[in-house]
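Because only heavy atoms are used, hydrogens play no part in the values below, and waters and symmetry mates are left out as well, while side chains stay in. Order of appearance sets the numbers: ligands from 1, and atoms from 1 within every ligand.
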Amino acid sequence: MNVYDATRITDNVYWVGAVDWSVRDFHGYLTSNGTTYNAYLVMADKVTLVDTVKRPYGKEMLSRISSVIDPGKIDYIISNHAEMDHSGYLLDTIEAVKPEKVFASSLGVKALREHFHGIKDVIEVKDGEAIDLGNRHITFYETKMLHWPDSMFSFLQEDGILFSQDAFGMHLASSERFDDELRDYLLEHEAAKYYANILLPFSNFVNKLFAKVEAAGLEPAIIAPDHGPIWRKRVEWILELYKAWAAREPKNKAVIVYDTMWGSTDLMARAICDGLKEQGTRVKVMKLRSDHRSDVATELLEAGALIVGSPTINGNIFPTVADVLAYIRGLKPVGMVGAAFGSYGWSGEATKQVEELLEGMNVELVTERLQSKYVPDGGVLSECRKLGQAVAARLSGLPMP
Ligand code: FEO
């Protein structure tokens with residue numbers, strides 16, 4: 001007996017995934033709204049399962065499949081992406097279902113072997129290759145680095161459904177399965193956060209993907225990602241957002257990221273904010289013991305400036321600041337200007353270290369680092385304000401976000 005229901009997407013295709021309401025840490029990404037692991041059942045002559053779910057949710061997936069068909073009747077399984085949130089239950093599913101065939105990209109076959117030592121007989125499909133499901137057909141498109149080297153899309157031709165695995169997804173647990181059942185603001189925020197934290201460093205691959213999709217003449221009616229809602233109303237909207245994000249054009253916005261020990265670096269951050277604001281720049285101020293690194297990455301998606309403040313502790317940069325800069329460096333930001341600031345008691349190494357880290361990620365420094373010995377006085381705060389003004393001057397003329 002099935003406990004959980006499938007959700008019908010079209011006459012022949014069902015969502016059979018799982019909702020993870022409580023996950024808050026997705027390999028370092030703060031998933032404030034949980035996530036979903038989407039799997040899809042195609043009821044063609046050859047019954048086909050597209051992706052599976054994270055392992056703890058495997059039985060839930062099988063139960064949802066059972067609400068449509070006996071899982072033992074699944075003929076084919078497609079693994080679009082080997083990461084464990086989608087293939088964690090793959091081996092168990094193969095053992096339970098005993099499908100006739102399992103398909104993955106060439107790098108997918110390799111990655112699955114490297115995860116499930118002993119997995120056998122996964123069939124390698126090539127870029128552009130199609131498989132025949134009898135009354136339906138699926139074409140595969142390699143989408144390397146979106147989000148892993150093995151990633152691929154599967155396009156169900158007759159239904160116009162693009163199974164896009166991580167791309168166009170978001171970490172959002174909801175009882176609703178479709179984009180038109182959710183609010184625009186929530187969709188845009190979570191899609192942007194996902195892009196900023198997962199796909200941003202691979203933006204060149206997103207650009208190549210659009211060229212490839214256009215060359216293939218693909219016009220999906222529905223985009224079904226492996227996380228978050230299924231796009232059936234705002235297909236063009238999410239495609240346009242991806243094009244804009246992949247272009248990585250900086251806007252007239254500055255993000256001030258800092259931490260503070262006794263409040264001095266905090267005072268400096270506030271004065272810098274006022275200097276920026278006075279010139280019309282949009283500013284986001286983020287104190288790292290309140291704001292998570294993945295929210296900083298989201299705010300930076302359209303920013304033109306990154307201004308970083310750190311007190312000196314034991315001759316070093318403050319640990320939360322080191323953490324966020326290491327994280328942002330991995331996201332390979334481009335086209336930003338910036339500056340470093342912070343307070344110190346007797347040695348003051350942190351701001352120099354911040355500058356070196358900013359330069360290491362190709363952030364162009366607008367001004368010399370600004371330091372305050374112990375508590376900033378009016379003169380130092382005035383310099384902070386000028387620092388904000390100088391950064392704003394560099395952003396002036398850029399479009400507002
Ligand atoms: Fe949702 Fe790259 O896995």
Side-chain angles (χ1 to χ4, degrees), residues 15-40 49-58 60-61 77-93 103-116 119 122 140-154 162-174 177 187 190-206 208-209 223-231 238 242 245-246 294 297-298 327 330-332:
W15 174 87
V16 290
V19 181
D20 188 346
W21 295 94
S22 58
V23 65
R24 291 292 178 271
D25 184 338
F26 193 98
H27 56 49
Y29 176 144
L30 175 67
T31 45
S32 309
N33 287 315
T35 194
T36 67
Y37 313 110
N38 298 337
Y40 299 99
L49 178 67
V50 180
D51 287 323
T52 65
V53 293
K54 194 173 170 182
R55 197 155 188 261
Y57 297 92
E60 181 174 332
M61 179 193 75
I77 298 177
I78 294 167
S79 172
N80 277 329
H81 181 21
E83 195 164 8
M84 289 288 99
D85 47 335
H86 311 299
S87 68
Y89 203 66
L90 179 63
L91 201 51
D92 304 80
T93 309
F103 301 98
S105 70
S106 54
L107 290 175
V109 172
K110 194 166 178 291
L112 289 172
R113 283 192 190 130
E114 288 161 351
H115 280 81
F116 301 105
I119 193 169
V122 180
F140 301 106
Y141 297 94
E142 281 183 357
T143 57
K144 283 182 184 168
M145 300 319 297
L146 303 175
H147 144 242
W148 275 9
D150 64 280
S151 296
M152 68 175 186
F153 285 177
S154 299
L162 183 67
F163 299 108
S164 63
Q165 38 90 34
D166 281 338
F168 311 116
M170 67 184 73
H171 287 311
L172 175 63
S174 62
R177 297 274 67 79
L187 291 172
E190 292 297 347
K193 183 169 182 177
Y194 191 89
Y195 190 94
N197 283 276
I198 304 283
L199 297 174
L200 184 71
F202 310 117
S203 290
N204 288 341
F205 291 90
V206 176
K208 282 183 195 157
L209 172 69
I223 297 178
D226 275 358
H227 297 290
I230 296 156
W231 302 97
I238 188 65
Y242 263 57
W245 293 330
S294 53
T298 310
Y327 188 74
L331 297 174
K332 299 185 172 61

Does the side chain of [X] come under 3.5 Å of the side chain of [Y] through a donor N or O and an acceptor N or O?
{"X": "H81", "Y": "D226", "result": "no"}
{"X": "S203", "Y": "Y195", "result": "yes"}
{"X": "S154", "Y": "N80", "result": "yes"}
{"X": "Y37", "Y": "D51", "result": "no"}

If the cut-off is 2.8 Å, does any N/O/S atom of D85 fall short of it from atom 1 (Fe) of ligand 1?
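An N, O or S atom of D85 is closer than 2.8 Å to atom 1 (Fe) of ligand 1, so yes.
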
Is H227 close enough to atom 1 (Fe) of ligand 1 that one of its N, O or S atoms comes in under 2.8 Å?
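Yes, since at least one N, O or S atom of H227 sits under 2.8 Å from atom 1 (Fe) of ligand 1.
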
Atom nearest to atom 2 (Fe) of ligand 1 - [X], N, O or S atoms considered:
{"X": "E83", "answer": "OE1"}
{"X": "H147", "answer": "ND1"}
{"X": "D166", "answer": "OD2"}

Keeping the roles fixed (side chain from T35, backbone from H171), state whether a donor-acceptor pair exists under 3.5 Å.
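Answer holds: no.
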
